[in-house]
Amino acid sequence: MSWGAIFSNTVTAIQRQTDALTRLQEQVSSGNRINRPSDDPVDASRIMNLLGQDQTLDSYLKNISTVTTDLDQGATTLQHISDLLTNAKGLLTQAASGTYSTTQRELVGEQINEILEEVVASINQESLGRYVFSGASNTTAPYLVERSGDRIVSATYQGSYQKMPVPVAPGVAQSGVSVGAEIFGCDERRSPTFLGSTGAAGGSGTSSVRGDAWLSITHEETTLTQTSGMPTTLAVGASSASLDTILGDHTVSIDADAQTVRLDGGPAVSYTALDTDLKVSNADGDCVYLDMSQLTAGISGLVEVAVHASARLSIDDGQSSILATFQDNQMVTDSRDGRVLCVNTTGLTRVGVEAVRVGGTYDLLGTLIRARDLLNGNQDTGDSDVSSLLIEETQSLEEVMSGVMGGLTSLGARAQGLENLRQSITSIQGNAKDRASELQGADIATIAAELARVQTFYEMILTSSSKIMNMSLLDYLR
């Protein structure tokens with residue numbers, strides 16, 4: 001072997017042992033067996049995968065924490081609202097007993113109004129910059145309220161109908177926000193129920209109104225047509241347009257000899273030629289105003305006159321109305337929201353305000369608003385009707401309360417599920433960290449022994465190389 005080769009091999013051996021010594025010293029000082037991929041490419045790849053898994057799991061845990069915070073906030077709010085509604089139900093039950101005076105009902109109405117305000121404030125409460133009942137639109141307050149003076153007169157859901165799921169585990173997403181319209185409203189529409197005595201009934205079409213509606217039926221015009229007896233002239237009285245309560249087709253019978261007049265065979269009412277605005281009622285108490293002064297002189301016997309009274313229908317407090325056609329399906333539109341009520345007007349007999357209930361469509365805020373207005377006498381109903389309608393409103397409140405309790409149960413179940421998931425992910429993350437630490441960590445005792453061996457071998461190489469490097473031609477000539 002040439003001198004050059006010997007020199008090259010010696011330098012290479014020294015360098016190799018220096019590198020090994022440096023690597024072992026670094027492992028001892030860091031406590032890690034692998035400090036760079038080249039230390040062990042296979043295990044380094046495994047460690048990188050485990051560290052990547054740790055970061056992903058940490059992201060899941062952060063998402064779980066955020067979602068759980070929203071769920072807890074939602075559950076706390078729903079529990080508070082549930083307590084308020086329980087109080088409201090008790091107040092309505094007492095007011096519906098029939099023993100309360102108008103003043104007492106108004107006081108209860110004020111309490112319901114306070115509950116309404118607190119419920120709205122709770123639903124629209126912001127938490128950490130988010131509204132938990134607005135669905136995916138969690139930066140927008142769930143409900144937009146409209147006021148008249150200091151009173152809430154309507155509440156419209158303006159949140160999203162979509163939830164906002166975030167990943168909380170591989171292939172699993174969960175939403176911390178809820179759709180308020182689903183929790184605070186019902187969507188199991190049933191056929192409308194008409195609770196008044198006007199003769200209005202549900203039409204053959206499909207209504208889109210929700211909750212309770214007030215169908216206002218007002219008198220439009222009364223027309224008279226003689227059908228039998230001696231020709232005569234009968235006209236409507238001056239109060240007919242504003243005070244007639246009959247609707248549809250009726251009959252006025254005049255006994256000219258006895259000078260009496262009847263409506264639909266009801267009580268006989270005496271008249272004279274001076275009666276220009278005579279009130280005549282039937283057995284049901286419905287009335288028409290007649291002008292008897294124009295009866296043709298000298299008539300005798302029985303005269304019958306057909307009466308037809310037209311009407312107008314409205315479900316938006318008279319802001320818009322349609323003429324009743326006395327058919328089996330008329331669509332009355334609420335100009336405020338465009339929703340319609342299908343009405344069968346063939347049986348209309350009298351004017352009035354008809355309470356209409358659409359079961360399965362109640363919403364919490366609308367129910368509280370209607371209950372408050374009913375207690376405050378904002379609807380033209382008698383005392384007995386108020387009591388019966390308050391009972392109906394109590395049932396409506398129970399319906400929406402079940403939705404709130406269902407939402408509360410759902411949020412609690414989701415929060416518990418996330419807690420279980422958090423514990424599982426934390427365990428998996430811990431195992432991943434432990435495995436990565438095992439692969440990367442150094443066995444100090446083993447490395448110390450290896451370091452001592454390499455150090456000894458390194459010193460041997462240095463000693464040998466120093467002797468080789470000091471040899472000259474004279475050493476070969478001896």
Side-chain angles (χ1 to χ4, degrees), residues 81 85 88-89 92 112 116 119-120 123-124 133-135 141-148 151-162 178-196 200-217 313-322 329-344 353-374 378-379 389-407:
I81 290 174
L85 296 183
K89 179 184 174 183
L92 289 180
I112 295 296
L116 169 64
V119 169
V120 170
I123 295 175
N124 283 349
F133 296 114
S134 288
Y143 283 89
L144 175 66
V145 299
E146 180 181 350
R147 293 179 181 271
S148 177
R151 297 291 181 113
I152 297 174
V153 295
S154 69
T156 304
Y157 181 70
Q158 61 178 356
S160 172
Y161 286 85
Q162 302 296 323
S178 303
V179 178
E182 295 178 353
I183 294 178
F184 305 115
C186 305
D187 194 18
E188 299 177 356
R189 178 177 295 276
R190 297 191 289 273
S191 297
T193 302
F194 290 70
L195 302 176
S204 58
T206 300
S207 300
S208 60
V209 294
R210 300 181 63 87
D212 290 343
W214 297 95
L215 174 63
S216 176
I217 305 171
L313 313 175
S314 174
I315 57 172
D316 54 14
D317 296 327
Q319 295 183 32
S320 65
S321 63
I322 63 170
N329 189 56
Q330 284 195 257
M331 299 177 68
V332 188
T333 304
D334 188 331
S335 63
R336 297 166 297 191
D337 57 20
R339 298 186 181 276
V340 299
L341 174 66
C342 295
V343 184
N344 183 337
V353 177
E354 185 95 8
V356 182
R357 289 174 52 82
V358 186
T361 64
Y362 293 102
D363 67 276
L364 171 57
L365 302 182
T367 298
L368 291 175
I369 291 171
R370 288 189 299 272
R372 177 203 63 194
D373 291 347
L374 189 60
N378 292 358
Q379 299 297 336
L389 290 174
L390 283 175
I391 293 174
E392 299 287 348
E393 288 300 336
T394 304
Q395 295 174 354
S396 301
L397 188 61
E398 290 175 347
E399 188 173 300
V400 294
M401 286 176 67
S402 66
V404 172
M405 291 307 299

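No experiment lies behind these values; they were computed from the predicted model shown. Sequence positions, counted from 1, serve as the residue numbers for this chain.
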Check: Ala201 main-chain N/O paired with Asn344 side-chain donor or acceptor under 3.5 Å:
no
Determine the minimum heavy-atom distance between Leu368 and Ile112, stating which atoms define it.
O-CG2, 3.7 Å
Before giving the answer on side-chain contact (heavy atoms from CB on, under 4.5 Å), spell out for Leu364 and Leu85 the whole-Å C-alpha distance, their side-chain angles and the decisive distance to 0.1 Å.
CA-CA 9 Å; Leu364 171 57; Leu85 296 183; 3.4 Å; yes
Determine whether Val356 and Val209 make a side-chain contact, defined as any pair of heavy atoms from C-beta on separated by less than 4.5 Å.
no
Under a 3.5 Å distance rule, please check whether Asn124 uses its side chain to pair with a backbone N or O of Ala141 as donor and acceptor.
no
Beyond-backbone contact of Phe194 with Leu341, side-chain heavy atoms, under 4.5 angstrom:
yes
Residues Arg151 and Ser148: side-chain donor-acceptor under 3.5 angstrom
no
Report the distance from atom CG of Leu92 to atom CG of Leu389, rounding to the nearest 0.5 Å.
12.0 Å
Gly205 to Cys342 - nearest heavy-atom pair and separation
C-SG, 3.5 Å
Assess whether atom CD of Gln162 is packed by more than 12 heavy atoms of other residues, nucleotides or ligands within 6.0 Å.
no
Grab the two heavy atoms, one from Tyr161 and one from Ala181, that are nearest each other, plus how far apart they are.
CE2-CB, 3.6 Å
Taking CE in Met331 as the centre, count heavy atoms belonging to other residues, nucleotides or ligands within less than 6.0 Å. Is the count above 12?
no
Check Asp316 against Ser320 and note the closest heavy-atom contact, atom names and distance.
OD2-OG, 2.5 Å
For a quick test of reading the model, state the closest non-hydrogen atom pair linking Thr367 to Ser396 and the distance between them.
CG2-CB, 4.0 Å
Roughly how far, to the nearest 0.5 Å, is CD1 of Ile322 from OG of Ser314?
9.5 Å
Counting only heavy atoms from other residues, nucleotides and ligands, does the tally under 6.0 Å from CD of Gln319 exceed 12?
yes
Determine yes or no for a side-chain-to-main-chain donor-acceptor pair under 3.5 angstrom, with Ser208 supplying the side chain and Val340 the backbone.
yes
Could you give the distance from OH (Tyr362) to CE (Met401), rounded to the nearest 0.5 Å?
15.5 Å
Check whether any side-chain heavy atom of Asp363 sits under 4.5 Å from a side-chain heavy atom of Arg210, and report yes or no.
no
With the side chain counted from C-beta on, respond yes when Thr156 and Asp337 share a heavy-atom pair under 4.5 Å apart, and no when they do not.
no
NZ of Lys89 to CD of Gln395, rounded to nearest 0.5 Å, is 10.0 Å
Specify the closest pair of heavy atoms between Leu195 and Arg357, including all atoms of both residues, with the distance to one decimal.
CD1-CD, 3.4 Å
Indicate yes or no: at least one non-hydrogen side-chain atom of Ile315 is less than 4.5 angstrom from one of Arg339.
no
Is there a donor-acceptor pair closer than 3.5 Å between any side-chain N or O of Asp187 and the backbone N or O of Glu182?
no
Do Leu365 and Leu116 come close enough that some side-chain heavy atom pair is under 4.5 Å?
yes
For the side chain of Ser402 and the backbone of Glu399, is there at least one donor-acceptor N/O pair under 3.5 Å apart?
yes
Just so I know, are the side chains of Leu374 and Trp214 near enough to count as touching, which here means a heavy-atom distance under 4.5 Å?
yes
Can a donor-acceptor pair be found, under 3.5 Å and without considering hydrogens, that links the side chain of Arg189 to the backbone of Thr361?
no
N/O donor-acceptor pair under 3.5 Å between Glu354 side chain and Gly196 backbone
yes
Distance col, row Ser321:OG vs Ile217:CD1, nearest 0.5 angstrom, shows 12.0 Å
Below 6.0 angstrom between ring centroids: does that apply to Phe184 and Phe133?
yes
